[in-house]
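Below is one structure, written out as structure tokens, with a few remarks after it.
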2 protein chains.
Amino acid sequence: MIRLLLADDQALVRGALAALLDLESDLTVVAQVGRGDEVVEAARESGADVCLLDIEMPGLTGLEAAELLRSELPGVRSLIVTTFGRPGYVRRALDAGAAGFVVKDTPARELADAVRRVHAGLRVVDPTLAAESLMAGPSPLTARETEILRLALDGSPVATIARAAHLSQGTVRNHLSSAIGKTGASTRGEAARIAQSRGWL
Amino acid sequence: MIRLLLADDQALVRGALAALLDLESDLTVVAQVGRGDEVVEAARESGADVCLLDIEMPGLTGLEAAELLRSELPGVRSLIVTTFGRPGYVRRALDAGAAGFVVKDTPARELADAVRRVHAGLRVVDPTLAAESLMAGPSPLTARETEILRLALDGSPVATIARAAHLSQGTVRNHLSSAIGKTGASTRGEAARIAQSRGWL
DNA sequence: ACCTGGGGATGACACCTGTCACGAGTCGCG
DNA sequence: CGCGACTCGTGACAGGTGTCATCCCCAGGT
């Protein structure tokens, strides 16, 4: 019997996934959490074998939770289950120690198999996604450019970004200009969206 | 036995919801679709009593699908099940003939009850959401402002928006300026995000 | 010691944006 | 009819933005 932990911030989705997986005779859901920072504790207390982690959660992201799990509970395997198949996410998930990566577009019947493969020590990655991840390659953005772009995501004016990053407006504009060039965009808004869609932020 | 149709673009969520609802002895899922424009046909063929509709779907939105259902199959009731509890969505959902509105944050065990209430002819709306919907009020934006703002959502420059809307750049800037004023924003990007968060787009 | 690359900053320039004033056409309503 | 609301447009202006050249400092390689 494989013991599962579910982490997803949407209670309805969490409960529904639990119902789906509990239908399988060899799987049982032993814990459910709605925040990333509750994953490790719940996994320890429940004695889970495999953790299904959504990426976008309050507290900690699923990627960060996977990293914590690897260091705190090395015997527990993580399977990322997320809405967004951003190329950069796959690489970061595997770097963070996740054993699998599944998008919520995949057919429901395949999820249980993915869980079993992960539990068996195999890596599970959507082949289409894996290809995209290789095509897109790693982020060409420097650390600072990434940070500035993230602050520019909501369309804030340069002055606001500069204050938030403790930089001069000129420097911010230089970093943005560089990021715009690297993403092939023509405005910072477009650059930010491109970078996000590639999972670089 | 209440016959259900599920419409959600994420196959995994769709399948999981089906598993959850099929656990109830008085409910049965008779159809599943991943696109808004397949809802009416599937509902007709399957003889569904209640349709659970996600809002964000390819083809047609859940709100548009609900409107079509009301005119084509008046006996079928719609229950909107969505991620976003945007105030404007609730009003538009009820205007579109939906019998209920539930966000994906609600506990899983409440969903079946919501379905039963809707089937019984009652209206089901999250009370917190209903209050927010009344507070926010209707959209203050004119038709054109709404359209222009929607085009500005992705941060396109004025020139691009003007071409897309077949308008002069000056007119676009005027509409945007007006929308910025009405939303209390200071850039078109911020205005667009505010309007979207209120469900005005 | 030298070169390279990232980070930080400045100043200048062309261009884009947000705002305002103003005008003109259409439509519905009292 | 007159009025108001919406739409479309122009022109002008201040301020924000993107680009570029040019510095400085510092950490790693060679």
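To find a chain, count down the sequence lines: A is the first, B the second, and so on, and within it residues start at 1.
- If you check every strand for non-hydrogen atoms under 4.0 Å, B:Ala159 touches nothing.
- Residues A:Gln169 and B:Pro140 both approach DNA chain D. Their nearest nucleotides, taken by heavy-atom distance, put B:Pro140 toward the 5′ side.
- For B:Ile180, counting side-chain heavy atoms from C-beta on, the closest listed nucleotide (C:dT19, C:dA9, D:dT19) is C:dT19.
- Here A:Arg144 does not reach the OP1 or OP2 of C:dG6: none of its side-chain N or O atoms lies under 4.0 Å away.
- With A:Asp37 contributing its side chain and A:Leu60 its backbone, the two residues share no donor-acceptor pair below 3.5 Å.
- Among the heavy atoms of the strands lying under 4.0 Å from A:Arg173 is at least one base atom, whether or not backbone atoms are also near.
- Between the side chains of B:Thr83 and A:Gln10, a donor-acceptor pair is found at a separation under 3.5 Å.
- Side chain of B:Arg188, nearest nucleotide from C:dG18, C:dA9, D:dT19: C:dG18.
- Per the geometry, NE2 belonging to B:His166 stands 17 Å off C1' belonging to D:dG9, to the nearest Å.
- Between B:Ile148 atom CD1 and D:dC6 atom P there is a gap of 15 Å when expressed in whole angstrom units.
- Between the side chain of A:Arg117 and the backbone N or O of A:Leu122 there is no donor-acceptor pair closer than 3.5 Å.
- One finds a side-chain N or O of A:Thr142 lying less than 4.0 angstrom from the OP1 or OP2 phosphate oxygen of C:dG7.
- Remark: A:Ser168 is not in phosphate contact with C:dG8, judged by side-chain N or O atoms under 4.0 Å from OP1 or OP2.
- For A:Leu176 and C:dG8, the CG to C1' distance is 14 Å, given to the nearest whole Å.
- Nucleotide D:dG18 holds its P atom 11 Å from the CD atom of A:Glu190, rounded to whole Å.
- Here C:dG5 presents its P atom at 17 Å from CG of A:Leu141, a figure rounded to the nearest Å.
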request  = Please test B:Glu147 against B:Arg150 for salt bridge (charged side-chain N to carboxylate O under 4.0 Å, His left out), starting from the C-alpha separation and ending with a verdict.
outcome  = CA-CA 5 Å; B:Glu147 181 189 347; B:Arg150 195 156 27 214; over 6 Å; no
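- When A:Asp126, A:Leu94, A:Val90 are each tested for a side-chain contact (heavy atoms from CB on, under 4.5 Å) with A:Phe101, only one passes: A:Val90.
- Atom P of nucleotide D:dT10 and atom NE2 of B:His175 are separated by 13 Å, given to the nearest angstrom.
- Two residues, A:Val158 and A:Asn174, neighbour DNA chain D, and the one matched to the more 5' nucleotide by heavy-atom proximity is A:Val158.
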